[in-house]
Structure formats: C-alpha cells, structure tokens
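Proteins get letters first, then strands, A, B, ... in listed order; numbering begins at 1 in each.
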Number of protein chains: 2
Amino acid sequence: MTGRDRRSGAETREQILRVALRLFTEKGYEATSTRDLTEALGLTKSSLYYHFRNKEEILASLVAERRHDLDELIAWVRAQPRTRDLAARAARRWLAGTRPEHLHAMRLADANQPVMRRITGHGTDVVGGFDELIDLLADDDTEPQDRILLRMTFDTVRAALLAARPDDVDPADVLAAARRASDALSAAAERAREA
Amino acid sequence: MTGRDRRSGAETREQILRVALRLFTEKGYEATSTRDLTEALGLTKSSLYYHFRNKEEILASLVAERRHDLDELIAWVRAQPRTRDLAARAARRWLAGTRPEHLHAMRLADANQPVMRRITGHGTDVVGGFDELIDLLADDDTEPQDRILLRMTFDTVRAALLAARPDDVDPADVLAAARRASDALSAAAERAREA
DNA sequence: GTCTATATAGAGATAGAC
DNA sequence: GTCTATCTCTATATAGAC
C-alpha cells in the first residue's frame, strides 16, 4: 500500500459489486444506469469500465457460483438409495445449505428475471439444474401438478423472500419460515405419492 | 363498422395490451421498446401514443383491478368470527378466486418487480393489501417467521408459477399445485399457533 | 386513427492524457 | 487506476399532414 486513502484495484471492484447489488435489486438492472452506479460510488464511468468490460459483466459477477452447490446436491441424490422419502431428504439438505448471504443474490435474481434469463446459458444455470434434479426425483408418470409441487419444496426460500417485506426483515426468519414450509410441502407431496 | 378490415379504436387498444403483456413478460418492461411493440403490432409509434399517453400507462393498464378482489377478501375476513382456522379458510377463499386468466398478469408482475414497485401507489396496491390482511389475521405477538409463513399460504400461486416452466404448462396444473401447497402451509401455520 | 418526420435526452461505451 | 471529453446509438415522445 502506498498511502492510507489509496484503494487497491480489488477493493474498488468489491465496492462496485456491493453498490451494484443494492441498486440492481432496488431499482432494477435496466433502470440503473452506469451513471447511477458511479455517482453512488464517487467514481467516473471510465473507471467503472476499467474494472468491468460492460454493465452486463457486473451483473454476471454477482450471480456466479450457486450452480456449484446444486451440482453437488444432484450428485448426492444420484448416490442415494431411492427410498420414498428421498425427495424430502434432498429438500432438507438443500435448505440446510442455504445461508443468509445467499438471500441477497436471490433477491437480485428475482427482481431481474428477464435479464437473468438472457445472461445465463440455458442448462448451465441454476434453473436448468433444478430441471435436472426434479427429473431425477420424479417418475415418468408423475403428474405435472405433482412435479410443480415437488419443485416448490426446493424453492421455498424464494417464496419466503417474496412473502417477507424487503426491509426490516431478519434473514434468519426468512430461512426459518422457508424450512418449515419446505417440510410441510414435502409431506404433502409424499402423501400424494403414496396415494 | 365501415369496412371489414377496419379495426375499432377499442379493438386496437386491446391488441396493444395483448402484445404488450406478452413482450413485457418475456423480455421485460424496460427491455421492450415502443419500437418492439409497434413492429409486433404492425403499427407506428405515433398510433401507439394515440391510444396511450406513455409507455408506463400501458403497463399500468395491464395490472389494474386485482386489488378489488383483495378488498373484498379483507371485508369478508373482518366479518368472520375469529376462529382458529380463519386464516386457513381465508386462504382457501383467496385461492378459489384465483382464475387461470390471472396467471398472466401475475407473471408480468413477477418479471418486472422494480418497475411495479414504482408505478403502484404504496398502500393502494395488492402488496399493501396483503400487509393489511396479514395484520388482520396475525396477533400482535406473532413471531416474524410465523407472519412470513402465514403470508406464504396466500402466495402459493406465485410460488407455483415460479416452480413451473413458463412454456408448456397447464394453468390448471399450476392452480392445483398452488391449492394443495396452500392447504399444506395452512396446516403447518395452524399447528404453530396451537403450540 | 394512422401516418412521416423530427425533437430531445440519455444510454452504454471509448480515446487518450495524467 | 482514474480522470475529462466525446462518440454513437437508441430511447421516449411530439408536431402536424392526411
């Protein structure tokens, strides 16, 4: 470090991401201009473009890496005996792996669905991974509505986020509600499978 | 009618809304330009602006009027005896009133959360209505996570929509899954209230 | 009610000095 | 690594003829 008020490049990059996460979530990606970003940061646009090739790359950097966890879950499911409660155990495992810090990225993705579809390669993203997971857990003769219900058991964190007011909410409460909801839905789905 | 290929003003307006609903949902409101709209319609931008004052008014026209149903539900809840299963019955009533044609507007709202927040007056929109409803159904000492769970019981249609792949899905299946999910969550929430 | 033509502003992005 | 200055394009929206 050459001086006390000198930021390293990596630090600046992190600050940009932090501010972008907030603005992209609150105002939306498209409605947030590079000018909005730089004004909030006390930077110029040129500096911004030194750190990122374009605006989309900022967004892409923010949503990387949850797919890896999902691939692990899929591998785990493949290795399990196909007991009747496999789906329920898988859902529990997934929910247990969801940490409070994941919520920010989830909100971001939820708030910007169209552009998220544009930037994530089909099949390589989290959404595509869930398709694979559900195929693994469902039989060929599973009714469409049962597939939807099954998928909902894995997606209760998003549902809980939508149900919670964005402000003044404790991430721990969101996760707690999501886990209870997932258990309840698992039970309902399992009941259907037995019938 | 003065001729067979002459559209009335109202017809054109409906066509604009139909195309806008599709594009705003697929590409997103901000990413859909007035040019995209007019090209899909075979109209010019000027004609578009004859029918709507601005782009935002098109979006606003698409999301009007679900709030009315919610106000009715709130009034119904107020008139009910406060039995322990009131929340469950209210959720059932709300789900029963959700029709397949509501799903399109829901998808639209979900895909464009930031701009939806911008155009809906705080408190007068559907989101604000739910706050009111939940306050009505929850006690003052209800835990935050229980409030979230309670709200999730009313919001399972959105959750089911998120869990279903947008294409190739029957609205009836989405609604069926949503109703079952809502019942399961109601039961879980009720169990918590008893404990 | 639809058109052609245009006004105006703001976006994303780059050049090149320091 | 950050700056000033600028380019270029596309957006929303309007004026006014038919």
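Atom CZ of R13(B) and atom P of dT2(C) are 13 Å apart (whole Å). Rounded to a whole Å, the CD atom of E39(B) is 17 Å from the C1' atom of dT2(C). For the pair F52(A) CZ and dG1(D) C1', the interatomic distance rounds to 14 Å; values are reported in whole Å.
Rounded to the nearest 0.5 angstrom, R22(A) CZ and L17(A) CG are separated by 13.5 Å. Taken from OG1 in T153(A) to CD1 in I134(A), the straight-line distance is 6.5 Å, to the nearest 0.5 Å. Residue L149(A) holds its CG atom at 12.5 Å from CD of E143(A), rounded to the nearest 0.5 Å.
Counting heavy atoms from C-beta on, the side chains of R13(A) and S61(A) come closer than 4.5 Å. Here the side chains of H104(B) and T25(B) are not in contact, with every heavy-atom distance at 4.5 Å or above.
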Open item on the list: Run the side chain to side chain donor-acceptor pair (under 3.5 Å) test on R66(B) and T98(B) for me, step by step, so that the C-alpha distance in whole Å, both residues' side-chain angles and the decisive distance to 0.1 Å come before the verdict.
Closed with: CA-CA 10 Å; R66(B) 185 79 166 125; T98(B) 304; 3.0 Å; yes
Open item on the list: Under the criterion side chain to side chain donor-acceptor pair (under 3.5 Å), I'd like the reasoning laid out for T83(A) against R89(A): C-alpha separation, chi angles, the key distance, then a yes or no.
Closed with: CA-CA 10 Å; T83(A) 58; R89(A) 287 188 294 130; 3.2 Å; yes
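Using a 4.0 Å cut-off, some side-chain N or O of Y50(A) falls inside it from OP1 or OP2 of dG1(D).
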TODO: Quick one, give me the B/S/- string for nucleotides 3-14 of chain C, reading 5' to 3', where B means a protein heavy atom under 4.0 Å from the base and S means that only happens at the primed atoms, P, OP1 or OP2.
DONE: BBB-----SBBB
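A cation-pi arrangement, defined by a distance under 6.0 Å to the six-membered ring centre and an angle within 45 degrees of its axis, is absent between K45(A) and Y50(A).
Remark on the helix from dG1(C)-dC18(D) to dC18(C)-dG1(D): inter-end axis angle 10°, axes from five-pair C1' superpositions, rounded to 10°.
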